[in-house]
Amino acid sequence: MSERHSTLRDQRRAETQRLIQAHAVRLFTGRGYDGTTVNDVAAAAGVSPMTVYRHFPTKEDLVLADRNGPLVAERIAATPAGQPLVRRIGTALVDAARTLTAGDDRFLLARLRLMISTPALRARHLDNHYVLQEAIVAGLGDETTDPEAAFRAAAAASACLAVMHTALVRWAQDDGRTDLADLIATALAAAFGDDPSQPE
């Protein structure tokens with residue numbers, strides 16, 4: 001019984017987060033990031049400012065918070081251990097992009113544009129890449145318990161994420177007309193000589 005209540009509570013929490021973030025991105029896009037306060041977001045979402053801060057500790061989190069890290073880590077864990085690291089990471093990044101854009105890719109595009117165009121968000125967006133790098137290394141599990149293996153995994157993840165960032169910027173410039181997963185795959189192929197997201 002308590003497990004069912006916990007699941008319902010988690011679902012309600014996730015729905016509240018989605019609602020607040022959707023209103024935040026809409027307001028930031030329409031009024032500008034600096035011209036919108038957390039109180040404005042709370043009023044638009046029909047919640048208290050305290051509720052906003054409970055779900056999003058900082059104003060930047062209203063744009064930057066996403067489920068990309070766990071999703072990529074999950075995809076990494078599912079890749080065959082025998083494949084080269086760059087191929088495994090590339091596959092995970094392309095698969096995650098396909099999943100994330102399968103729903104409301106206009107929301108993802110609006111968030112990305114805010115991250116690129118707002119100085120305060122741009123710096124934190126780069127921090128997010130470091131967090132994603134850590135999630136990738138963690139997704140490799142026991143394979144990275146050795147310090148040298150962890151170093152190699154971090155280096156491969158960092159390189160793949162730099163390439164992905166280039167694809168994300170291009171996607172934003174194209175107004176989302178190009179398939180994001182295909183753009184990431186093309187960028188990975190340009191950087192590494194072939195498409196790491198495709199089987200050998």
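We use all heavy atoms of the structure for the numbers below, so side chains are in, but hydrogens, waters and symmetry mates are not.
- Considering all non-hydrogen atoms of both residues, L121 and L114 come closest at CD1-O, 3.6 Å.
- Under a hydrophobic clustering in which Ile, Leu, Val, Met, Phe, Trp and Tyr are joined whenever their side-chain heavy atoms come within less than 4.5 Å, directly or via other members, L109 and L183 fall into the same cluster.
- A pairwise comparison of heavy atoms in L19 and A45 identifies CD2-O, 3.6 Å as the closest pair.
- Sorted by first and then second residue, the pairs that involve residues 72-81 and meet side-chain hydrogen bond (donor to acceptor under 3.5 Å, both in side chains), not counting sequence neighbours, are R75-T99, T79-R88.
- Between D182 and R98 a salt bridge is recorded (basic side-chain N to carboxylate O distance below 4.0 Å).
- Residues D175 and R106 form a side-chain contact, since some pair of their non-hydrogen atoms from C-beta on lies under 4.5 Å apart.
- What you find for A97 and I184 is that their closest heavy atoms are CB-CD1, 3.6 Å.
- Within a 6.0 Å radius of CZ in R170, other residues, nucleotides and ligands contribute 12 heavy atoms or fewer.
- Listed by first and then second residue, the ring pair (Phe, Tyr, Trp, His ring centres under 6.0 Å) pairs involving residues 160-182 are H125-H165, H129-H165 (not counting sequence neighbours).
- Under the 4.5 Å side-chain heavy-atom criterion for ILVMFWY residues, a single connected hydrophobic cluster contains both Y53 and I20.
- Looking at heavy atoms from C-beta onward, S117 lies out of side-chain contact with Y33 at the 4.5 angstrom threshold.
- Using a distance-only test at 3.5 Å, with no hydrogens or angles considered, a donor-acceptor pair links the side chain of T16 to the main chain of R12.
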Pair V163-L93, side chain to side chain contact (heavy atoms under 4.5 Å, CB included): steps then yes or no: CA-CA 11 Å; V163 171; L93 293 176; over 6 Å; no

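- Here the side chains of R111 and D66 are in contact, with some heavy-atom distance below 4.5 Å.
- When hydrophobic clusters are built by joining Ile, Leu, Val, Met, Phe, Trp and Tyr residues whose side-chain heavy atoms come closer than 4.5 Å, directly or via intermediates, L27 is grouped together with V63.
- Distance check, rounded to the nearest 0.5 Å: OG1 of T118 to CZ of R124 gives 13.0 Å.
- Connection of L71 to M164 is established within a shared hydrophobic cluster, with ILVMFWY side chains joined at heavy-atom distances below 4.5 Å, either directly or through further cluster members.
- For the pair N68/N128, no side-chain contact is recorded, criterion being any heavy-atom separation below 4.5 Å from C-beta on.
- In this structure, CZ on R31 lies 7.5 Å from CZ on R26, to the nearest 0.5 angstrom.
- Scanning all heavy atoms of the two residues, the minimum distance from Q133 to A157 falls at CG-CB, 3.9 Å.
- Distance CZ/F28 to CG/L62: 5.0 Å, rounded to 0.5 Å.
- Counting only heavy atoms from C-beta outward, the side chains of H55 and V47 never approach each other to under 4.5 Å.
- Contact between A42 and P49 at its shortest, heavy atoms only, is CB-N, 3.6 Å.
- Using a 4.5 Å cut-off between side-chain heavy atoms of Ile, Leu, Val, Met, Phe, Trp and Tyr, with links allowed through other members, V169 and L188 fall into the same hydrophobic cluster.
- Residues F107 and Q21 have side chains in contact (heavy-atom distance under 4.5 Å, counting atoms from C-beta outward).
- Residues A167 and L180 approach most closely at O-CD1, 4.4 Å, considering heavy atoms.
- Side-chain contact of T37 with D40: a donor-acceptor pair under 3.5 Å is present, judged by distance alone.
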Steps toward side chain to side chain contact (heavy atoms under 4.5 Å, CB included) verdict (I136, L161): CA-CA 10 Å; I136 289 169; L161 289 174; 4.2 Å; yes

